[in-house]
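This report concerns only the one structure given below.
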Amino acid sequence: MCGIVAASAKRNVVDIIINGLQTLEYRGYDSAGIAVIEGDGITIKKQAGKLTKLKAQLADEPVSGHSGIGHTRWATHGEPTSANAHPHDSNNAIAVVHNGIIENYAPLREQLIAKGYQFKSETDTETLVHLIHDYQSDGLSFAQASHKAIRLLDGAYAVAITCMSEPGRIIAARKGSPLVLGMGEGENFVASDVQALINETDQFCYLEEGDIVEITADDYVIYDGNDQQVSREIQTVKMSADALSKDGYAHYMLKEIHEQPTAVANTIADRLLGGRVSDEFITPEMAQTLQQVEHIHIIACGTSYHAGMVARYWLEAFTGIPTQVEIASEYRYRNPVVPKNSLFLTISQSGETADSLAALRYAQTTGYLSTYAVCNVANSTLDRESDVCLLTYAGPEIGVASTKALTTQLAVMALFTLKMMEIHDKDPAKRKRLVKQLRTMPGIINQALVLSDQIKGIAEQIVKRDNALFLGRGLHYPIALEGALKLKEISYIHAEGYPAGELKHGPLALVDEKMPVIAVCPNDELLEKLKSNIEEVRARGGELYVFVDHKSDHGLSDRVNHVITLDASGSFTSPIVFNVPLQLLSYHVAVLRGTDVDQPRNLAKSVTVE
Ligand code: G6P
């Protein structure tokens with residue numbers, strides 16, 4: 001959470017920083033700010049609210065400079081006011097932007113107040129900037145003071161610091177929050193994510209935990225956690241600017257929903273070979289370890305957790321391997337028992353989610369056979385710290401509510417299940433059938449997208465309501481949970497997902513003519529059971545919206561007002577398909593409600609605090 005961009009160049013850096021911040025708003029959008037060294041002082045401009053407010057201010061009060069730091073905030077300490085917005089300065093001599101939480105800020109703050117420092121904000125960040133100033137007052141150089149202060153911090157952080165006494169030099173550091181160094185011709189940059197810098201360079205170094213980097217326009221030096229000078233691998237990252245545009249769509253979310261056929265095709269294309277999953281996806285060496293696996297623990301947060309829930313059904317049903325799935329923040333703190341020969345697998349779009357990373361680091365101390373990750377961001381912390389990373393190829397996902405990332409996570413977990421079937425020698429004929437089904441996914445998702453207008457009609461009904469219930473069973477229970485999560489995230493309508501069989505144990509009490517009940521009703525062995533649950537709702541006057549498979553003999557059209565029919569392929573892949581109309585439903589409801597679809601209130605996409 002929070003996005004950082006900093007630049008040192010021989011040209012004005014303000015546009016570089018602002019354009020970079022624009023691509024980082026997915027990390028938070030409570031406030032935005034910039035600090036540049038201008039003449040013989042630091043000029044800071046900051047505004048509560050989104051970056052557009054800062055841009056408007058800069059249009060009226062332009063600033064320019066050859067080095068500067070910028071920030072977009074997701075508030076942790078202190079309300080999202082302009083006083084709490086970053087950058088924070090000390091005596092207008094040093095300015096800092098920060099992503100993360102400084103856990104030991106309170107005693108440091110007290111010491112600094114005792115020394116006469118006056119705090120202008122409620123943030124933990126301001127402690128750091130006064131601390132550096134204090135060390136400089138004791139005679140240390142900008143670099144010495146910054147290193148000393150950074151090494152004193154507990155918690156998770158990425159920071160960038162600028163100092164009036166050394167214009168052109170920026171010091172940045174990471175521990176627990178991502179930071180990348182970008183190298184240009186006669187200019188250097190740091191940012192929370194490469195996408196902030198793709199218009200400036202394609203040369204990047206991914207900083208490692210504890211690294212401090214000092215940049216000027218002409219040079220950069222990296223120090224490791226022991227303050228030893230190190231070199232880090234330089235990587236060329238090509239990303240088209242189109243990947244970051246809305247490409248004519250009204251919202252990123254809508255674009256990303258429509259990108260799903262391509263995203264799934266990219267994710268499965270080279271990994272299916274004839275009737276099997278290729279050895280490139282899981283190499284023979286990896287397969288040797290996976291052959292020993294007797295238990296699987298899947299750990300994730302948010303939407304990624306729902307991918308894990310679907311995967312559990314697949315893995316247990318098709319490989320017989322006991323599989324648990326758990327929310328990362330719960331797993332990490334409950335001393336989980338790790339049976340012999342267990343595999344640990346994290347699912348995360350960003351690869352930076354603090355709870356998932358904490359769970360991985362904990363798991364590395366508890367005797368798992370291996371740690372696997374399913375992740376959409378190559379070189380993310382999760383990718384680098386897991387033994388094996390199975391990448392999803394969704395492309396950058398910018399809408400805060402996850403759509404194509406989930407779909408590609410499901411595609412990878414389907415591939416993984418099929419490979420585990422092969423490794424554990426399960427039913428070759430069935431495996432071939434399932435591979436065939438998976439191959440059809442891009443086309444089948446395309447067909448589901450065609451329902452958009454019909455779903456808009458339903459959204460016009462649901463938008464009038466304050467609550468909604470989503471029901472599913474078996475493989476589609478996680479899809480019901482995801483449908484409810486999506487609706488609440490972006491439309492702010494209170495929504496709950498329930499296993500349909502649980503209805504009578506509580507939520508049925510909520511059902512009346514004002515309660516929309518959205519049921520995911522695939523053509524599987526639970527269809528008849530689900531139909532009984534639908535009848536229970538109908539008998540209480542609930543407003544039913546039922547998504548059914550066109551192949552099923554559901555017999556619901558005469559009994560339920562709203563039946564939406566789709567081709568869900570086969571029962572293996574149908575959760576992937578049924579999720580698509582639910583995404584469209586949330587999207588249309590949110591648009592009708594006039595909420596901020598891509599940047600819903602209080603949320604952020606990359607959650608780098610625990
Ligand atoms: C945030 C995002 C969700 C995402 C979750 C987990 O809450 O808003 O869309 O599912 O984090 O993120 P991850 O990057 O680990 O998948």
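This one's a predicted model, so the numbers in the text were calculated from it and none came from an experiment. For ligands, and for the atoms within them, numbers begin at 1 and follow the listed sequence.
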I'd like a table of the close N/O pairs between ligand 1 and the protein (anything under 3.5 Å), one pair per line with both atom names and the distance.
{"from": "ligand 1", "atom 1": "8 (O)", "to": "Ala604", "atom 2": "O", "distance (Å)": "3.2"}
{"from": "ligand 1", "atom 1": "9 (O)", "to": "Val400", "atom 2": "O", "distance (Å)": "3.3"}
{"from": "ligand 1", "atom 1": "10 (O)", "to": "Thr303", "atom 2": "N", "distance (Å)": "3.0"}
{"from": "ligand 1", "atom 1": "12 (O)", "to": "Thr353", "atom 2": "OG1", "distance (Å)": "3.4"}
{"from": "ligand 1", "atom 1": "14 (O)", "to": "Ser348", "atom 2": "OG", "distance (Å)": "3.3"}
{"from": "ligand 1", "atom 1": "14 (O)", "to": "Gln349", "atom 2": "N", "distance (Å)": "3.4"}
{"from": "ligand 1", "atom 1": "14 (O)", "to": "Ser350", "atom 2": "N", "distance (Å)": "2.8"}
{"from": "ligand 1", "atom 1": "14 (O)", "to": "Ser350", "atom 2": "OG", "distance (Å)": "2.6"}
{"from": "ligand 1", "atom 1": "14 (O)", "to": "Thr353", "atom 2": "OG1", "distance (Å)": "3.3"}
{"from": "ligand 1", "atom 1": "15 (O)", "to": "Ser348", "atom 2": "OG", "distance (Å)": "2.6"}
{"from": "ligand 1", "atom 1": "15 (O)", "to": "Thr353", "atom 2": "OG1", "distance (Å)": "2.5"}
{"from": "ligand 1", "atom 1": "16 (O)", "to": "Ser304", "atom 2": "OG", "distance (Å)": "2.6"}
{"from": "ligand 1", "atom 1": "16 (O)", "to": "Gln349", "atom 2": "N", "distance (Å)": "2.7"}

Going by the ring pair (Phe, Tyr, Trp, His ring centres under 6.0 Å) test, which pairs reach into residues 582-610, not counting sequence neighbours?
His251-Tyr587
If the threshold is 4.0 Å, N to carboxylate O, is there a salt bridge linking Glu259 and Lys255?
yes
Please report the interatomic distance CD(Glu489) to CD(Glu482), rounded to the nearest 0.5 Å.
7.0 Å
Taking only residues two or more places apart in sequence, or in another chain, which ones meet Tyr206 in a ring pair (Phe, Tyr, Trp, His ring centres under 6.0 Å)?
none
Are Arg232 and Glu208 within salt-bridge range, i.e. N to O under 4.0 Å?
yes
Side chain to side chain donor-acceptor pair (under 3.5 Å) partners for Ser370, two or more places apart
Asp387
